[in-house]
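To start, the structure under review is shown below, and the notes come after it.
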Amino acid sequence: MSDENQTSPKPVSMDDIVSLCKRRGFIFQGSEIYGGLSGTWDYGPLGLELKRNIMKLWWEMFVDQRDDMYGVDAAILMNQKVWQASGHVDTFTDPLVVCNKCGQSYREDQLDYTKACEKCGAKDNYGQARQFNMMLKTNIGPVDNESSISYLRPETAQGIFTNFKNVVDVFYPDLPFGIAQQGKAFRNEISPRDFVFRSREFEQMEIEYFIHPDTWEESFERWVEQVHKWCDALGLPKDSVHELEVPEEDRAHYSKRTIDFEFDYPIGRKELLGLAYRTDFDLGNIQRVSGKSMEYRPKDGSTAFVPHVIEPSFGVERAIMAVLTSAYTEDEVNGEKRSYLKLPAHLSPVKVAVSPLLKNKPELVEKAKEVHQLLKKEIGAVMWDDNGNIGKRYRRQDEIGTPYCVVIDFETLEGDTKDTVTVRNRDTTKQQRVKIADLAAQLSKA
RNA sequence: GCGGGUGUAGUACAACGGUUAGUAUGCAAGUUUUCCAAACUUGAGAUGGGAGUUCGAUUCUCCCCACCCGCACCA
C-alpha cells in the first residue's frame with residue numbers, strides 16, 4: 001500500500017538512519033558484542049534521551065494536562081488467567097503446519113490437508129502440526145509445570161483493564177475517564193524486521209478510555225483529533241501521517257471501528273499507532289472469568305453498566321523512527337553539505353552545547369565552563385564541547401539535533417559586549433548575542 | 001519460518017590462498033586556529049562466531065549468529 005500516493009518522499013533512507021543512530025550513540029544492536037540477538041535493540045545515551053523525551057511528552061499531554069486521566073504501572077508478569085480471559089492464550093497458540101518439501105507454513109485451522117501445497121504443489125507431504133505462541137513464556141518460582149506458567153505481557157493494555165476496578169474504587173472518577181500506562185511489552189515475532197519497527201521487546205504507551213456505549217462515536221472522533229495533535233507535537237509533517245480506516249473483515253471481531261494511523265517511513269507507509277473502539281470486550285471477559293463485577297454505577301443513580309473503551313495505542317519505537325525520519329535533513333552551508341536532525345527542541349537529547357571559541361585560551365575556557373555549569377543547573381541536558389574547531393562542533397551538534405550552541409568568545413570577556421555570548425541556531429545557522437544573565441530564560445523559552 | 005543477498009576499525013569503503021589487511025572520515029593526545037567539518041604531529045581501532053580443506057584461510061566449503069530484500073506472519 002506504500003507504492004501509490006506516496007506523498008513527499010523523504011530522501012532519507014533506512015541506512016542513513018541506522019548508521020546515524022549507531023555512529024552518534026542513539027541505538028545499537030542488542031547483545032552486539034556476542035553477535036547480537038534478533039529483535040532486540042539497546043539505547044545509547046542520546047537515544048535514551050530522545051525516547052524519554054517522547055514518553056515524557058506523551059505523559060504530559062495525555063495525563064498531566066488532563067483531569068480525566070489516571071496513570072498506572074502494572075507488573076509485566078501477570079497471572080496466566082489474564083491472558084486466558086483476554087483471548088491471548090487461544091489466539092496466540094495457532095498450530096502451524098509446514099510443508100515438508102518447500103517449508104511453507106500454514107495455520108492448521110486454515111489448511112485443507114486434501115489439497116496440494118499452494119507454493120510448491122507437493123501433495124500429502126505436510127508435517128506434524130506444532131504450536132506457535134507469540135507470547136514469551138516463562139515459569140514463576142522453582143517448579144516448572146502448568147500452574148507456574150507466566151507470560152511476558154504482549155501488550156500493556158491488560159494491566160490497565162485489571163486495574164480498572166482498583167482505580168474506580170479509590171478515585172471513583174466521573175465517566176468518561178481514562179487510564180494510561182507506559183511500559184515494555186514482548187512478542188515472540190516470527191521475523192523481527194525493519195530496524196526497531198518490529199522487535200521482540202518494545203515499549204508501548206496505551207490508554208483505555210472508558211465511556212458509556214452511547215457516546216462511543218463522539219468519543220472516538222475526539223481521540224482522532226488528539227492523535228493528530230500528538231503527531232504535530234512530534235513534529236511529523238501532516239502529509240506524512242495517514243488515517244487508514246480498517247475494514248470490518250480486518251478488524252478484531254469485537255472492534256466496531258479501528259483506525260490505523262500510518263506514517264511514511266523510509267521502509268514505506270506503515271502503522272505508527274492504532275485507535276480502536278473495543279466495546280466492552282475486555283472488561284466483559286474479566287467479569288466473566290474472575291466473577292467480579294466490572295460495572296460502573298453512575299453517580300446520578302442511573303443504571304449500572306460495563307463501560308466500553310476507546311483504545312489509543314502508541315508504539316514508542318515507531319514514534320522514534322517517525323521522528324528521526326521527519327527530522328533528518330540535508331542542506332548546504334557555505335557550499336558544504338550538512339546533514340542534521342531538525343528535531344523539535346522539546347525532543348532533542350541535548351538542548352544546548354557550550355563551547356569556548358578556542359580551547360587553548362584559558363580565559364575563554366574558564367568562562368565557558370562557568371556558563372556551562374550555570375546552564376546545566378537551569379536546563380539540564382547541556383553538553384560541553386571543545387573538540388576540534390568551532391565549525392566541527394556545530395556540525396556535530398547539528399547531527400544530533402541540538403537546537404542551540406552557545407559560544408564564549410573574546411567579546412564575552414571585555415568591552416561593551418562583556419558578559420554576552422553567541423547563540424547559534426541549528427536550523428538557520430544564524431547567531432545572535434545574548435547576555436549571560438538572560439541566557440537560561442531565553443533558551444528554555446525558545 | 002521459507003527463498004535470495006550481505007557480513008573487513010565507530011562509520012563508509014578497498015584488497016588478497018602467503019611478511020606489518022589498506023584508504024577516507026570519525027575517535028584520543030598534542031601543536032595551531034578570533035565562528036561553520038582548515039592544517040600538522042602522534043596514537044588506539046577490524047576480517048561476526050565455530051568447524052573443515054590447505055604447508056598456509058580474511059579469501060574456498062559447511063554449520064551457527066546477525067542484518068538487508070522478497071514471501072508468510074502481525075491476536
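A note on names: the letters A, B, ... follow the listed sequences, proteins ahead of strands, and every chain is numbered from 1.
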Mind telling me whether A/H253 and A/F281 have parallel, tilted or perpendicular rings, with 30° and 60° as the class edges? perpendicular
When both hydrogen-bonding distances must be under 3.5 Å and the geometry is Watson-Crick or G-U wobble, what is B/G3 paired with, if anything? B/C69
Under a 3.5 Å limit for both distances, which nucleotide forms a Watson-Crick or G-U wobble pair with B/G17, could you say? none
For A/E411, report the nucleic acid contact type (base, sugar-phosphate, nothing); a contact means any heavy atom under 4.0 Å. nothing
Contact nearer the 5' end of RNA chain B, comparing A/R424 with A/S19: A/S19
Using a cut-off of 4.0 Å on non-hydrogen atoms, how would the nucleic acid contact of A/S38 be classed: base, sugar-phosphate, or nothing? sugar-phosphate
Is the A/F314 ring parallel, tilted or perpendicular to the A/F62 ring (thresholds 30°, 60°)? tilted
Counting any heavy atom closer than 4.0 Å, what does A/E32 reach on the DNA or RNA strands: base, sugar-phosphate only, or nothing? nothing
With a 4.0 Å cut-off on heavy atoms, is A/R393 in touch with a base, just the backbone sugar-phosphate, or nothing at all? nothing
Between A/R257 and A/E245, does at least one N-O distance fall below 4.0 Å, as a salt bridge requires? yes
Just checking A/S191: base, sugar-phosphate only, or nothing, at a heavy-atom cut-off of under 4.0 Å? base
Whole angstrom is fine here: how far is it from CG in A/D15 over to C1' in B/G10? 16 Å
Please classify the nucleic acid contact of A/G274 as base, sugar-phosphate, or nothing, using heavy-atom distances under 4.0 Å. nothing
